[in-house]
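Some notes on the structure that comes next.
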Amino acid sequence: MAEMNGLMWFRKGLRVHDNPALSHAARSARLLYPVFVLDPRFLRPDPSAPSPGSARSGLNRIRFLLESLSDLDSSLRRLGSRLLVLKGDDPADVILKALKEWKIGEICYEFDTEPYALAQDKRIKDFACTSGIKVFSPVSHTLFDPAEIIKKNGGKPPLTYQSFIKIAGQPQPPILQTFSCLPPVGNAGACEFLDVPSMEELGYGDVGQEGFSPFHGGESEALKRLKESLEDKKWVANFEKPKGDPSAFLKPATTVLSPYLKFGCLSSRYFYKCLQDVYADVKKHTSPPVSLVGQLLWREFFYTVAFGTPNFDQMKGNKICKQIPWSNNEELFVAWREGQTGYPWIDAIMIQLKKWGWMHHLARHSVACFLTRGDLFIHWEKGRDVFERLLIDHDWAINNGNWLWLSCSSFFYQYNRIYSPISFGKKYDPNGNYIRHFLPVLKDMPKEYIYEPWTAPMSIQVKANCIIGKDYPKPVINHDFEMKECRRRMGEAYALNRSAELPSEEDLNCLRRKFEDEAMAPQRRNLKQKLLS
DNA sequence: TCCGCGTTGCAGGC
DNA sequence: GCCTGCAACGCGGA
């Protein structure tokens, strides 16, 4: 019999469908408190941040979260409950207080593999253990339990996609039953129940509508988007990720379900099941790694490796990460971050990131390669931070995994394969429509020059109302030159990683100084100068 | 220890 | 759209 009070703690998993923690809580609680805690770590406005938002999140993701919370609140209200928004300096402290105040007998929350959540959860579990409070914390954010996969693989996470697939097996099915009602909410006691705040209430009153993403949060929006994507069965069956067009922005080449998976507005298990249903209906379909199911499995792959690798989100102390003496160049880094490199393809992508909080996977590849091993030779952690803050679908495991991949620090090691900031985009969008949209300053540049506007004769620049060096920057580096430099440096860095178990800080600094000296050598400097003028 | 293989490079040829 | 040469990596399995 349901005799005790329950607390359903929402963190990710902002949904009612396929939510094992909520189902369990609904069954076992007399009074049920559905809680979300506003975390100042992610939400507090930071005026010193490079763009509006908090230190850790841009406005687009904050807004996406609020929309998701409002939608969840509406769904809970339809079931006779509501979302109780709480606030405090530290979410774990807030939950501990609520557990005591409301005499909670069982707390339910979706298991989260990220280090930040794990540290929080440990405090909750320790308290619950000593106070006789039951904890129900199922794995439901992912298709598989990362810990189980690691166990099956002999205690280590599989480091290739194929070896992951071999070991993974069949995922957990989603819960398909729906609720007719939820247990009633108890009294607040000494806690304060808040409504889902607006952007203004969070302190983002004067930011206007500038650059807001076309994608909106919430479970309803996620399920609508899923339905729309799945309606075109032929498209689902023939989906091949690498063939997608990164320059498509009016109708993106992918589902754009990633932000909904990130916040758990969409259950990956439900998505997987829906895809299987479509596959059952069509004669032929693509397969992992390129298929849509393959994309879900990439997510699982990165979650598993991230969970099983200490210091996954950094180079230092990360055993699967090549130790590479990346250079420090704040000026070039800021040019990349702000979309001011002078390479329109790169800059347009960075502006799309700022404005929309989303860009196509291959577009992310282009700019990540450019920042790290392809052109600027800047640390992947710097780029990771920018993506982490601005992407609406930012996911700790996937973002770090992809930066490790693109910088040839782990998973992928063919550092000769470098994306061209000129020809890669041109291949998909020869007219430069994508660039014209996100960099309107170049909208009248003839297509012959739009990917390399610095080569346009002055008469053309005048006619296009865009003088290079005045209205739009000159290229900050010469790609043909820097690409070769990067290849050579990567070769030397790899050699260092081969000869020692893990190169020491000293080895790395030594090689870094060598790269710096080479770059400063008069001959090279003159050549660079010549190439840029 | 060796070999096959790997979601997504580019330029050039056909 | 498909091939090759470019220069060449490490993981996983045998």
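Throughout, protein chains are lettered first and strands after them, A, B, ... in sequence-line order, and every chain is numbered starting at 1. Below, each value reflects all heavy atoms present in this structure, side chains not excepted, and no hydrogens, waters or symmetry copies.
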Pick base, sugar-phosphate or nothing for [X], based on heavy-atom distances below 4.0 Å to the nucleic acid.
| X | value |
| --- | --- |
| A:Lys322 | sugar-phosphate |
| A:Glu240 | nothing |
| A:Phe411 | nothing |
| A:Leu362 | base |
| A:Lys427 | sugar-phosphate |

Span that lies between the [atom1] atom of [M] and that of [N], in whole angstrom:
| N | M | atom1 | result |
| --- | --- | --- | --- |
| B:dC5 | C:dA7 | P | 23 Å |
| C:dG13 | B:dT7 | P | 13 Å |
| B:dG6 | C:dA8 | P | 22 Å |

Legend entry - A:Phe412 over C:dC9, stacked by centroid distance under 5.5 Å, angle under 30°: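 Not stacked: fails the 5.5 Å / 30° test.
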Which of the following nucleotides, [options], is nearest to the side chain of [X]?
| X | options | result |
| --- | --- | --- |
| A:Trp405 | C:dG12, B:dT8, C:dG10 | B:dT8 |
| A:Tyr494 | B:dC10, C:dG13, C:dG10 | C:dG10 |
| A:His365 | C:dG13, B:dG6, B:dT8 | B:dT8 |
| A:Val290 | B:dT7, B:dG9, C:dC11 | B:dT7 |
| A:Arg498 | B:dT7, C:dG12, C:dG10 | C:dG10 |

Can a side-chain donor-acceptor contact be found between [Y] and [X] if the only test is distance below 3.5 angstrom?
| X | Y | value |
| --- | --- | --- |
| A:Asn431 | A:Asn433 | yes |
| A:Asp393 | A:Tyr260 | no |
| A:Ser51 | A:Arg389 | yes |

Legend entry - Under-4.0 Å side-chain N/O to phosphate OP1/OP2 contact, A:Gln414 with B:dT8: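 No.
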Legend entry - A:Ser423 vs B:dA11: side-chain N/O to OP1/OP2 distance below 4.0 Å: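 A:Ser423 to B:dA11 OP1/OP2: side-chain N or O found under 4.0 Å.
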Report the distance from atom [atom1] of [X] to atom [atom2] of [N], rounded to the nearest whole Å.
| X | N | atom1 | atom2 | answer |
| --- | --- | --- | --- | --- |
| A:Ile422 | B:dG9 | CD1 | P | 18 Å |
| A:Phe164 | B:dT7 | CZ | C1' | 15 Å |
| A:Tyr428 | B:dG9 | OH | P | 9 Å |
| A:Lys484 | C:dA7 | NZ | P | 12 Å |
| A:Arg417 | B:dC10 | CZ | P | 11 Å |
| A:Leu404 | C:dG10 | CG | P | 16 Å |
| A:Phe301 | C:dC11 | CZ | C1' | 10 Å |
| A:Tyr161 | C:dC11 | OH | C1' | 17 Å |

Legend entry - Result of checking A:Trp326, A:Trp396, A:Phe387, A:Phe312 against A:Trp403 for ring pair (Phe, Tyr, Trp, His ring centres under 6.0 Å):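 That would be A:Phe387.
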Inset, instruction - Have a look at A:His141 and tell me which of A:Phe111, A:Phe263, A:Phe307, A:Tyr303 forms a ring pair (Phe, Tyr, Trp, His ring centres under 6.0 Å) with it. - result: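 Going through A:Phe111, A:Phe263, A:Phe307, A:Tyr303 one by one, the ring pair (Phe, Tyr, Trp, His ring centres under 6.0 Å) with A:His141 is satisfied by A:Tyr303 alone.
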Inset, instruction - Classify the angle between the aromatic ring planes of A:Trp405 and A:Phe302 as parallel (below 30°), tilted (30 to 60°) or perpendicular (above 60°). - result: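 Taking A:Phe302 first and then A:Trp405, their aromatic rings stand perpendicular (interplane angle over 60°).
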Inset, instruction - Would you kindly compare A:Lys243 and A:Tyr413 by the position of their nearest DNA chain C nucleotide and give the one closer to the 5′ end? - result: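 Final value for this comparison: A:Lys243.
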Legend entry - Nucleotide paired to C:dA8 in any strand shown, Watson-Crick or G-U, under 3.5 Å: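 Matched C:dA8 with nothing under the 3.5 Å cut-off.
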Legend entry - Watson-Crick/G-U partner (both atom distances under 3.5 Å) of B:dT8: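 Matched B:dT8 with nothing under the 3.5 Å cut-off.
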Legend entry - A:Phe301 ring center within less than 6.0 Å of A:Phe411 ring center: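 Judged by ring-centre distance (under 6.0 Å), A:Phe411 and A:Phe301 do meet the cut-off.
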